[in-house]
Amino acid sequence: MVKYISKRLLYMVLSLFLIITATFFLMRIAPGNPFTSEKKLPPEIEASLNAHYGLNKPWYAQYGDYLVRIAQWDFGPSFKYESRTVNDLINDGFPVSLALGAEAILFAVAIGILLGVIAALRHNKWQDYTAMIIAVFGISVPSFIMATFLQYIFAIKLGLLPVARWDNFSNTILPALALGATPMAFIARLTRSSMLEVLSNDYIKTAKAKGLSRGAMIMKHTIRNALMPVVSYMGPLSAGIITGSFVIEKIFGIPGLGSHFVLSISNRDYTVIMGVTVFYSILLLVSILLVDIAYGLIDPRIKLAGGKKGE
Amino acid sequence: MEKILEVKDLKVSFHVYGGEVQAVRGVSFDLFKGETLAIVGESGSGKSVLNQTIMKLIPMPPGKITGGQILFHGEDIVHKSDKEMEKIRGKDISMIFQDPMTSLNPTMKVGHQIMEVLHKHQNMKSSQAKERAIELLRLVGIPMPEKRVNQYPHEFSGGMRQRAMIAIALAANPSLLIADEPTTALDVTIQAQILELMKDLQKKMDTSIIFITHDLGVVANVADRVAVMYAGQIVEIGTVDEIFYDPRHPYTWGLLASMPSLDSDHKAELAAIPGTPPDLTNPPKGDAFAPRNQYALAIDFEQEPPMFQVSETHFAKTWLLHPDAPKVEPPEAVKLKMRKLSSTFEKPILVKEGK
């Protein structure tokens, strides 16, 4: 197990290096630079700005500097937000996005699995159809429409919850619902189809022939085996959700990380682009590793510790 | 002898898109304590449906018991609810399935799968159940059961998995064991071992067994009595000797003639029953076997044959046993083995209710 994880960590560092390199050069190929958007700067000032941020050095020197700084977990200063570093932006925004994202994931997983299980157990009955109609809505309604719809109903019409802002728990409910709706629907569909497949297995008949009650049969023999596809979906999903969503953060006025992904690109804020990309990649790689470890825990046939082929 | 199970005129059908499939069409038989009844027939003859109905394992709907009784220890289980059946399944009646590779849960330790039965039906605590599980694994001939009990099914070979299935089935000392083609998915040497094991355990535990198979070699090895099924009905039932040495139904003749034998002429072509089983959505009028039967009489296409009794234990459902029927000779392969059995009645007796 230790051997397996250290091997995986090594691969993660390698992939991270490739991602950093690709992002770095793609960013430089894109036309414009951090100072083009504002009013025309006098050449002297632009030259001094470039010198200040190290943009006057040859590309290989910039690249080398950047790698060294990243290894020290220093993403450098932001070009747009004066006197703030990229680390500051991440340290401020990520806890907010993480809290919101965790709530959304919790909602998506709990309700999604519940709907999926109900739909599978009541296959082709009204409960199944209801759950799947909810799922189709969840998948096809974009999050910004869901968000405004929720605001209209729960905040404006019913006055139950605040419209926006980020102060206490009641502020988190609507954005979490809006953010979690699509993954919830997706998980419901995944769970349903995988439950149906498991229920058709011979060992379910064995469980029934043992005299197990329906509840025991479902809890012990079905759900665990049906969760594999959901677990694999959870990896990329959680990395995406806990780093925030531009749309949801804009609509609800949440000071999260998501807006930096979009704004940094239009600002050509090189260090922020690099910083959030690297940060996101790390989260993604870690969550994929966690998914793989979870596989091994759920299904004993999957061996992690570099088992031999055919075992 | 004590009757364990009495099936009376059982009818099971399935509602499907194209109509109603009558999978079991009036089956009656008895099962006594400690005996093995083999049920043979080709695919689709209703043998598996019949036996899953006895445990009420068929999905309802689309399945439905449309008539008849299943008396288990004298008690009719046809109208029992799922909750009541849970107390019978695994405890009084248990089942072994065909494919050991898929009938164990891959994500649960084998020991736990045995212990589940003990928890449910014998109220055993975990430590006690585990000891019993080890004991059961040893009983079914799995080496190093203390280690095996903590392993997963994928660490077992096919034959060992079937042994584990047998351990699960026998965990609660059932009075009836239904084995649905338990050796079909295994290779021949393992087959023989599993059959030996089942016979051995049956002697020890005095369990009655219903053994479903399409392998007549297996039947000769394990069964006390044999029921031959065709198109959802029992067409002939009798002791092993009666079925093998004095078969009366042309379908049984066909089955026996298509069994390769060591002393048959090796140049001769292996016989086969022509045609395919009938569509049970619309069972044919008269005898369901008539269209494939070279001995079919005109009446076979008009009227379903009644059951005739040939001896105390031997019944066959064919018009050929009627006093007015022409005398026919069974196929050569069957005739070679025919013997005069002392218990046979002088003349077949027409019985109303099939047994």
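Quantities reported herein were computed from a predicted structural model and do not represent experimental measurements. Naming: A, B, ... by sequence-line order, numbering from 1 per chain.
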Got a sec: does the CH2 of W73(A) have more than 12 other heavy atoms crowding it under 6.0 Å? yes
Take atom NZ of K91(B) as the centre, draw a 6.0 Å sphere, and report whether it contains more than 12 heavy atoms from other residues, nucleotides or ligands. no
Quick check on E197(A): does its CD atom have over 12 non-hydrogen neighbours (other residues, nucleotides or ligands) under 6.0 Å away? no
Heavy-atom neighbours of H119(B) NE2 exceed 12 at 6.0 Å: yes
Rounded at 0.5 Å granularity, tell me how far CD in Q52(B) sits from NZ in K208(A). 9.5 Å
Rounded to the nearest 0.5 Å, how far does CG of L297(A) lie from OG1 of T107(B)? 12.5 Å
Please determine whether the number of non-hydrogen atoms from other residues, nucleotides or ligands lying under 6.0 Å from atom CE of M205(B) exceeds 12. yes
Apply the test side chain to side chain contact (heavy atoms under 4.5 Å, CB included) to residues I168(B) and K210(A): give CA-CA distance (whole Å), side-chain angles for both, the deciding distance (0.1 Å), then the verdict. CA-CA 8 Å; I168(B) 290 173; K210(A) 279 181 196 173; 3.6 Å; yes
With a 4.5 Å heavy-atom cut-off, do T102(B) and N201(A) have their side chains touching? no
Spacing of K205(A) atom NZ and I58(B) atom CD1 [to the nearest 0.5 Å]: 9.5 Å
Which one of A216(A), P300(A), S213(A) has the most heavy-atom pairs closer than 4.5 Å to chain B? P300(A)
Chain A contact via M85(B) - which portion, at a heavy-atom distance below 4.5 Å: neither
Region of I298(A) in contact with chain B, defined by heavy-atom distances below 4.5 Å: backbone
Under 4.5 Å from any heavy atom of chain A, what part of K109(B) do you find: side chain, backbone, both or neither? neither
Below 4.5 Å, heavy atoms only, C-beta onward: do Y203(A) and P106(B) meet side chain to side chain? yes
Heavy-atom neighbours of K204(B) NZ exceed 12 at 6.0 Å: yes
Would you say E131(B) has more than 12 foreign heavy atoms packed within less than 6.0 Å of its CD? no
Measure across M55(B) and A209(A) and return the closest heavy-atom pair with its distance rounded to 0.1 Å. CE-O, 3.4 Å
Counting heavy-atom pairs under 4.5 Å to chain A, which of K87(B), E155(B), E116(B) comes out on top? E116(B)
Heavy atoms from other residues, nucleotides or ligands near NZ of K199(B) exceed 12 (cutoff 6.0 Å): yes
In Å and rounded to the nearest 0.5 Å, what is the CG to OG1 distance from N105(B) to T206(A)? 9.0 Å
Residue part contacting chain A, namely of H121(B), when any heavy atom lies under 4.5 Å: side chain
Yes or no on side-chain hydrogen bond (donor to acceptor under 3.5 Å, both in side chains) for H221(A) and Q113(B), after CA distance, side-chain angles and deciding distance? CA-CA 10 Å; H221(A) 291 275; Q113(B) 304 195 37; 5.3 Å; no
To the closest 0.5 Å, what do you measure between NZ (K83(B)) and CZ (R214(A))? 10.5 Å
Segment of D299(A) engaging chain B (4.5 angstrom heavy-atom cut-off): both
Applying side-chain hydrogen bond (donor to acceptor under 3.5 Å, both in side chains) to S103(B) and D202(A), what does each step give before you reach the verdict? CA-CA 5 Å; S103(B) 13; D202(A) 285 352; 5.1 Å; no
